[in-house]
Structures are given as C-alpha cells and as structure tokens.
Colleague: 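Encoded as structure tokens, here's the structure I'll be asking about.
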Amino acid sequence: ADRQARDHKSQGSMFGGEGMTVEQALAQALNPPPAQRELLAASMVVMALSFYPVWHWGLQTHQKERILNVINPDRDPTGTGYNALQSKIAIGSGGFWGKGYKKGTMHMLRFLPEQQTDFVFSVWAEEWGFVGVAVALLFYLLLVWRGTLAVVEAKDRFGAMVALGC
C-alpha cells in the first residue's frame with residue numbers, strides 16, 4: 001500500500017510536481033504569480049481605456065440601444081426590451097412547482113420567440129418552476145465539477161487540455 005501511494009504521488013499533474021487537490025488548484029489560480037498579475041492589470045487598464053472610444057465611435061446607435069436594453073429592458077418595453085420582459089414574466093409565472101410539461105402559457109401562446117434556443121431557460125422555468133430550475137442548475141454544477149476534476153486529475157498537460165476542450 002505504501003508503494004502504491006508513492007507511485008500515485010510521483011505521477012504529478014499539469015500544475016507541477018506532486019498531485020494537487022481541487023482546493024490547491026483553485027488557490028493557485030486565484031493567486032497568480034506577479035508577472036501574470038501585472039499582465040492582468042495591464043489588460044484591465046487597456047479594456048477600460050478602450051471602452052469610451054469603442055462606445056462613441058465603434059458602435060452604431062442601434063447597437064448601443066440593444067446593449068442598454070439588455071441592461072434595462074424597461075427602457076423600451078414594446079420594442080427591443082419586449083423579449084427580455086416576456087422572458088422574465090414566463091420565469092415568474094412558473095412559480096415554485098411550474099405549470100407542467102407543455103402547459104406554459106407564455107410558451108404555448110408564442111409570447112417567447114425562439115423558444116428552442118434563446119429562451120429555452122424561460123420555457124423550462126415556466127414549465128418546471130423553481131424546483132425544475134434548481135435541479136437543472138445542480139446537474140450543470142455537477143457537470144462543471146466533474147470537468148474540473150478531470151482537468152486537475154489529468155496525468156499531463158495534454159490530458160488537461162483535452163479535458164478542457166482546447
């Protein structure tokens with residue numbers, strides 16, 4: 001048993017040296033080396049400085065309106081904010097348990113456009129309610145957690161990149 005433990009530890013990981021736990025990998029990712037911190041800070045400064053020229057000269061009026069209406073759909077409830085408001089109404093009308101499979105009024109009466117793509121979450125929330133949304137989010141969290149474990153437990157950098165989908 002002692003030899004197996006030594007062999008397991010000597011395999012290493014993409015994070016260098018000995019195997020790491022998920023907590024150690026997250027701690028390393030959240031505390032990057034100084035050179036990476038400087039690069040991150042410089043990138044943030046460049047993005048902040050480029051916001052003004054991009055907003056004023058890089059975007060057309062209708063593009064600015066779309067961005068502002070995503071942030072606050074109440075600005076234009078009958079125009080570009082209509083879909084987002086209908087989505088919120090559908091989510092709220094699902095309540096705690098939902099209305100049941102194919103019984104959502106917003107969905108069935110076609111108040112939600114592109115139900116199979118853009119508004120699939122709204123349709124799900126209306127039909128299955130808070131409970132259904134919580135279950136779906138738990139399954140998604142489980143998928144992300146298992147993917148993270150696959151990356152951390154990869155034996156080499158290539159395996160980690162494959163697990164990441166790169």
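Computed from a predicted model, the values in this text were never measured in an experiment. We number each residue from 1, following the sequence as shown.
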Colleague: Can you tell me how far the OG atom of Ser93 sits from the CD atom of Gln86, to the nearest 0.5 Å?
Modeller: 10.0 Å

Colleague: Students often mix this up, so state it plainly: with edges at 30° and 60°, are the rings of Phe96 and Phe130 parallel, tilted or perpendicular?
Modeller: parallel

Colleague: The test is side-chain contact (heavy atoms from CB on, under 4.5 Å); show your working for Leu138 and Leu142 and say whether it passes.
Modeller: CA-CA 6 Å; Leu138 282 173; Leu142 177 68; over 6 Å; no

Colleague: Determine, using the 4.5 Å side-chain heavy-atom cutoff (strictly less than), whether Val151 and Met161 are members of one ILVMFWY cluster.
Modeller: yes

Colleague: Can you measure from CH2 (Trp128) to OH (Tyr101) and round to the nearest 0.5 angstrom?
Modeller: 8.0 Å

Colleague: Rounded to the nearest 0.5 Å, what separates atom CZ in Phe51 from atom NE2 in His56?
Modeller: 7.5 Å

Colleague: Between Leu85 and Asp74, what is the shortest heavy-atom contact and its length?
Modeller: CD2-OD1, 3.2 Å

Colleague: Any idea which heavy atoms bring Ser50 and Pro53 closest together, and the distance?
Modeller: O-CD, 3.3 Å

Colleague: Judged by atom type as modelled, is there a donor-acceptor pair below 3.5 Å linking the side chain of Ser87 to the main-chain atoms of Asn83?
Modeller: no

Colleague: Examine Leu143 and Val120 and state if one hydrophobic cluster contains both, with Ile, Leu, Val, Met, Phe, Trp and Tyr joined whenever side-chain heavy atoms are less than 4.5 Å apart.
Modeller: no

Colleague: Determine all donor-acceptor pairs shorter than 3.5 Å in which one atom belongs to a side chain in residues 58-66; sequence neighbours excluded.
Modeller:
residue : atom : partner : partner atom : Å
Gln63   : OE1  : Gln60   : N            : 2.8
Lys64   : NZ   : Trp55   : O            : 3.2
Glu65   : OE1  : Arg75   : NH1          : 3.3

Colleague: Please give me the minimum heavy-atom distance between Trp124 and Gly132, naming the atom from each residue.
Modeller: NE1-O, 3.0 Å

Colleague: Taking all non-hydrogen atoms of both residues into account, name the closest pair between Ala160 and Ala154 and its distance.
Modeller: N-CB, 3.4 Å

Colleague: Grouping I, L, V, M, F, W and Y whenever their side-chain heavy atoms are under 4.5 Å apart, do Ile91 and Ile89 come out in a common cluster?
Modeller: no

Colleague: Which value, rounded to the nearest 0.5 Å, describes the distance between Glu127 atom CD and Ser122 atom OG?
Modeller: 11.0 Å

Colleague: The criterion is side chain to side chain contact (heavy atoms under 4.5 Å, CB included); which residues satisfy it with Val70, sequence neighbours excluded?
Modeller: none

